[in-house]
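Everything on this sheet refers to the single structure shown next.
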Amino acid sequence: MEIYKEVDTRGLTCPLPILRAKKALADMQSGQVLKVLATDPSSHQDFAAFTKQTGNELIAVTACINKTFVFLIRRR
């Protein structure tokens, strides 16, 4: 899978990770994949709700050892 764009929101809390992802997705074409790095503990729930509301696809969520979450989102 090819990552089109990556957004690093580590250290930011809600709603900033969602807003940065939304801005990045607006500049992308349908089918392209966005990678988001986040450390906010509630980001998992936030991105699940965000993708459900916007119709984008949450492809994968990975939690790394350093408490960083990696979200892969496919643009609708």
Walk me through whether V36 and F47 qualify under side chain to side chain contact (heavy atoms under 4.5 Å, CB included). CA-CA 10 Å; V36 181; F47 277 101; 3.7 Å; yes
Mind checking the CG-CZ spacing from L25 to F50? Nearest 0.5 Å is all I need. 5.5 Å
Nearest 0.5 Å, what's the OH-CD1 distance between Y4 and I73?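 Rounded to the nearest 0.5 Å, the OH-CD1 separation comes to 15.5 Å.
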Between [Y] and [X], is there a side-chain heavy-atom distance shorter than 4.5 Å?
X	Y	value
K5	M28	yes
F71	L58	yes
L34	V7	yes
T68	R10	yes

What side chain to side chain donor-acceptor pair (under 3.5 Å) pairs are there with at least one residue in residues 34-52, not counting sequence neighbours? D40-S42, S42-D46
I'd like a table of donor-acceptor pairs (distance under 3.5 Å, sequence neighbours excluded) in which one partner is a side-chain atom from residues 12-23, with atom names and distances.
none

Heavy atoms of L72 and M1 approach each other most closely as CD1-SD, 4.2 Å
